Amino acid sequence: MVARTLITTAIEETWPKDKDKPVLFLGEWCKLYHRKSLWKDMNAKTAPYHWDDRKKLIGDYRLLQTTHEKFLIQLSGILNKLHNTNHSERYWRILIGPWLGWFVQIVFDRWFMLKKVIEEEEIDHCMVIKRNPIDGVTNDMSDFGNSIIYDDWNEAIYGQLLQECWKNKIVVELINGQKVHTNNSTWQNKINLQKTIGLKNIIKERVKKLIPVFNKLFPKDDGYFFISSYLPLKSDFKLQIRLGQFPKLWRAPSAPTVKAEMSYRKWNLDINKMKVDSFEAVVARLIPQHLPRVYLEGYDVLTSISERQTWPSKPKAIFTGTLWSDTEVFKIWAAEKAENGVPLIIGQHGGHYGAGNFSFTEDHQIKISDKWISWGWSDYSRPQVTPIGNLKGFGINTEYDPKGGALLVELTIPRYSYFLFSAVVAGQFLDYFEDQKVFLNTLPERLRGKVLVRVNNVDYDWSLPSRFNDFMPGVKVDSGQQNIRNLIKKSRLFISTYNATTYLESMAWNVPTIIFWDENCWELKEEAQPYFELLKSVGIFHNSPESAAKHMTNIWDNVDDWWLSDSVQSARVTFCNQFSKIPKDPLKELEFFFKEL
């Protein structure tokens, strides 16, 4: 077996200068498409990805959830002691649970891949950038989420794991980094871009500046507290009025930025019953070094900021759709209120929920909430789930053009794994992209020019527009800047390629829709499978790109004959009632729901 240098990320200064040196790329994330000229002729092989075994992925998810619970209990006690508090496990789950879940799952992926290649390959050397460990501590959950998609953060964690676990197995060469390596992608880029485009968004931003003034009108300390509810603004205000209060639009401030100090991190999780080289022991040693600063050094400041908010001190209920994950001031405030008996209500804020076989964010949200509003589905094993309907779609409709083109909506994910759910992971995105190529290639030439490929405006360095153009020169690509509803208005057919929000919206709007994805990578809950089989029986859902393309070809000249047929409409309505329901009077249902709390 040839001895190889291990390459863990796309940071090229950690690659050997000798281009003839045999190397092993740890994963597809190392090979940036726009740098193909550099790596395509290297003496290289790429390690198979461990989660290409989807049964292993599902099994690992279950085991990592157990690890998450074990460490959450320990951390709750440690943080109470450090901060001289006596908060419940639920309080700490609301505050640190998202970070802990992501961190455990991310570190496991990085650790296992290193373990796998060191055990199975002849690795003799790896270059690692020399770092001060304290510099890598993220400030809060938002900062963490924006960091883990970067090569820089991942190179650091791979380097730390190599030195922690395998420094006696391979030569780990520490080198001086020349610069901080980042890319142009963040979880928030899409939101920020949308805020800056168009007169409508400019007006919205100016209105938001007047929010504190409006909120001082008709003060009520015991009303319902709605913040980022995911309801259309008009529906949000109407619902508040129906609940007997002057409508208010609240905003949550950003988390304070604080410095990391080693004196706060001289504590350990209990690893006495763990093998020293086991994953649990490894991640237990890393948690004190990586726990975001607002949970340790900045906890008192974070608490003080939350107490200074003009939010109700005794709300009847707290309702949000999106702030449960990375909005620290809201999370610590809501945790304290929930601990004192205020109902915490979370509304579903997108697709995959209730349909995908597993999802950390779904499991976490339902665990922390008193009631969780779904878009139509129920789960008798989790009584918090309350089916009401598609909150995002209330009062919204979109027309399509029966003579228009086809809109092919594309997925983009980070190159590195993040939180786990039943979807393509890391380099499996390239298999997903191959399916997109097969779909376009299967279409007759006369229809390829009718397709507009809409990519996400956050690319994560996959170079998706370039890949499409190299594969099929002249293909029309939208960069994701335009409002998708405006694109639908010019289309006769909406084509969804992954299990998320897109097709739930198009079907609720009764826009002709074709769905296709690889069922081996987008596993469904057993309870959801009959609904997708129903869609499959009428030509809406397909489990291969070839089948979807052939169906599009067959119906193209008169899409409405197919879409408006009794069988298709019956299947659409049945499916939407389960996963994207629009009630006849949604505000009346929500009013009844809140008054019955």
Side-chain angles (χ1 to χ4, degrees), residues 6 8-9 26-30 47-75 93 96-120 126 136 138 141 144-145 147-151 153-166 169 268-271 273-292 357-364 413-429 521 523:
L6 178 63
T8 60
T9 69
L26 191 60
E28 294 293 343
W29 52 83
C30 300
Y49 191 45
H50 69 122
W51 279 334
D52 286 345
D53 180 346
R54 300 293 294 195
K55 288 183 179 178
K56 180 180 185 299
L57 171 62
I58 295 171
D60 286 346
Y61 175 73
R62 307 299 179 202
L63 289 173
L64 293 171
Q65 283 292 79
T66 300
T67 301
H68 173 264
E69 292 299 315
K70 182 186 300 184
F71 287 143
L72 180 69
I73 293 170
Q74 282 200 50
L75 276 172
R93 184 187 298 277
I96 69 169
W99 175 82
L100 182 61
W102 283 45
F103 187 74
V104 167
Q105 293 166 18
I106 288 168
V107 173
F108 177 81
D109 175 48
R110 311 317 188 249
W111 172 84
F112 192 92
M113 280 303 297
L114 290 174
K115 179 175 181 291
K116 183 176 188 292
V117 298
I118 290 171
E119 290 178 353
E120 297 178 1
C126 184
T138 54
M141 181 61 189
F144 177 74
S147 296
I148 57 96
I149 61 176
Y150 290 170
D151 291 304
W153 187 91
N154 284 284
E155 197 281 333
I157 202 74
Y158 283 127
Q160 190 172 10
L161 287 167
L162 283 167
Q163 294 174 80
E164 178 82 22
C165 305
W166 292 286
K169 297 271 185 160
N268 297 293
L269 293 164
D270 182 9
I271 60 173
K273 296 181 181 180
M274 305 175 193
K275 291 183 179 180
V276 69
D277 61 346
S278 69
F279 167 71
E280 284 193 348
V282 171
V283 77
R285 292 194 293 271
L286 293 185
I287 284 172
Q289 302 173 48
H290 286 269
L291 189 66
N357 189 31
F358 62 93
S359 167
F360 171 72
T361 61
E362 178 183 314
D363 289 343
H364 171 73
I413 60 170
R415 288 178 291 119
Y416 300 91
S417 75
Y418 50 116
F419 72 85
L420 294 181
F421 63 114
S422 51
V424 293
V425 186
Q428 293 167 7
F429 178 78
C521 290
E523 301 91 342

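If you read the sequence from its start, that first residue is 1, and numbering goes on from there. Since the model is a prediction, treat every value here as computed from it, not as a measurement. Atom set for the values below is all heavy atoms of this structure, side chains included, hydrogens, waters and symmetry mates excluded.
Ile96 places a side-chain heavy atom less than 4.5 Å from the side chain of Leu72. The shortest side-chain heavy-atom distance between Val282 and Cys165 falls under the 4.5 Å cut-off. A 4.5 Å side-chain heavy-atom check between Thr361 and Phe421 finds every atom pair outside the cut-off. When side chains are defined from C-beta on, Pro414 does not count as touching Ile148, because their heavy atoms never get closer than 4.5 Å. Put simply, the side chain of Lys115 does not reach to within 4.5 Å of the side chain of Glu120, judged on heavy atoms. In this structure the side chain of His50 reaches within 4.5 angstrom of the side chain of Asp60, judged on heavy atoms. At least one side-chain heavy atom of Tyr49 sits under 4.5 Å from a side-chain heavy atom of Val425. A heavy-atom distance below 4.5 Å is not found between the side chains of Glu280 and Ile271.
Defined by atom type and a distance below 3.5 Å, a donor-acceptor pair is missing between the side-chain atoms of Tyr61 and Asn357. Using modelled atom types and a 3.5 Å distance limit, the side chains of Arg110 and Ser417 yield a donor-acceptor pair.
Shown here for Phe71 and Ala284, the closest heavy-atom pair between the two residues is CZ-CB, 3.8 Å. Of all heavy-atom pairs spanning Val424 and Arg54, the tightest one is CA-NH1, 4.2 Å. Listed here is the closest heavy atom pair of Thr8 and Leu26: CA-CB, 4.0 Å. Residue Trp51 comes nearest to Gln428 through the heavy atom pair O-NE2, 2.9 Å, listed as atom of the first residue, atom of the second, then distance. In this structure, Cys126 and Leu162 approach most closely via the heavy-atom pair SG-CD1, 3.7 Å.
Between the CH2 atom in Trp102 and the NE2 atom in His364 there is a gap of 11.5 Å [rounded to 0.5 Å]. Atoms CG and CZ, from Leu57 and Arg62 in turn, are 9.5 Å apart once rounded to the nearest 0.5 Å. Between the NE2 atom in His290 and the CG atom in Leu100 there is a gap of 13.0 Å [rounded to 0.5 Å]. The structure places SG of Cys30 at 8.0 Å from CG of Leu6, a figure rounded to the nearest 0.5 Å. Rounded to the nearest 0.5 angstrom, Thr9 OG1 and Ile157 CD1 are separated by 13.0 Å. In this structure, CZ in Phe108 is found 7.5 Å from CG in Leu63, a value given to the nearest 0.5 Å.
Salt-bridge formation is not detected for the pair Glu119/Lys169: no Lys NZ or Arg NE/NH1/NH2 atom is positioned less than 4.0 Å from an Asp or Glu carboxylate oxygen.
Ring pair Tyr416/Trp29 is tilted by interplanar angle, where 30° to 60° counts as tilted. Trp111 and Phe279 have tilted rings, their planes meeting at an angle from 30° to 60° on a 0 to 90° scale. The aromatic rings of Trp99 and Phe144 lie perpendicular to each other, with more than 60° between the two planes, well past the 30° mark. Phe360 and Phe419 have tilted rings, their planes meeting at an angle from 30° to 60° on a 0 to 90° scale.
Taking the ring centre of Phe112 as origin, the terminal cationic atom of Lys56 falls inside the region bounded by 6.0 Å and 45° from the ring axis.
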Given the rule in the side chain to side chain contact (heavy atoms under 4.5 Å, CB included) test, do Ile287 and Val107 qualify, once you have shown the distances and angles that lead to the verdict?
-> CA-CA 10 Å; Ile287 284 172; Val107 173; over 6 Å; no
Given the rule in the salt bridge (Lys or Arg N to Asp or Glu O under 4.0 Å) test, do Lys55 and Glu523 qualify, once you have shown the distances and angles that lead to the verdict?
-> CA-CA 10 Å; Lys55 288 183 179 178; Glu523 301 91 342; over 6 Å; no
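A donor-acceptor pair is defined here as one N or O able to donate and one able to accept, closer than 3.5 Å; no such pair exists between the side chain of Arg415 and the backbone of Glu28. In this structure, the side chain of Gln105 does not engage the main chain of Leu64 through any donor-acceptor pair within 3.5 Å.
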